[in-house]
Amino acid sequence: MTNLYRKKPVEFECWQWNGELSAAREDWVNDAVHYDARCSDLIVSTNAGDIKLRIGDWIIKGNLGEVYSCTKEIFDHIYEKVPNF
């Protein structure tokens with residue numbers, strides 16, 4: 001016999017890459033994100049390797065402090081904004 005499970009709701013902080021990196025954002029992501037000013041690329045270092053973000057992609061900080069990226073298309077499909085945040 002199998003059991004049925006669902007994901008628990010999880011709230012997290014995130015921001016959308018718009019092509020500009022402010023000092024406040026750099027502090028927020030610590031060493032997990034690297035900006036290459038020569039080509040205006042934002043690179044997120046994850047356990048799966050480095051990922052180059054496109055404009056519109058999201059940077060997410062998990063509950064354990066891990067940082068990862070998510071494409072705009074997937075983010076819009078999976079997540080919704082927490083009201084009054």
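Every value quoted in this text rests on a predicted model; they were computed, and no experiment measured them.
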Q: Identify the heavy atoms of Asn63 and Glu11 that sit nearest to each other, and give their distance.
A: OD1-O, 3.2 Å
Q. Can you hop from Ile51 to Ile55 via hydrophobic side chains spaced under 4.5 Å?
A. no
Q) Tell me, do Trp17 and Ser69 make a side-chain contact under 4.5 Å, heavy atoms counted? A) no
Q: Provide the closest heavy-atom pair for Trp58 versus Lys72 in the form atom of the first, atom of the second, distance.
A: CD1-CA, 4.2 Å
Q: Would you please say whether a donor-acceptor pair under 3.5 Å links the side chains of Asp57 and Thr71?
A: no
Q. Is there a path from Tyr68 to Ile78 through hydrophobic residues (I, L, V, M, F, W, Y) whose side chains come within less than 4.5 Å of each other?
A. yes
Q: Enter the distance from Ile60:CD1 to Glu13:CD here, rounded to the nearest 0.5 Å.
A: 11.5 Å
Q: Applying side chain to side chain contact (heavy atoms under 4.5 Å, CB included), run through Phe12 and Tyr79 and close with a yes or a no.
A: CA-CA 10 Å; Phe12 56 87; Tyr79 301 109; 3.4 Å; yes
Q.
For Glu73, is the CD atom crowded, meaning more than 12 foreign heavy atoms sit under 6.0 Å from it?
A. yes
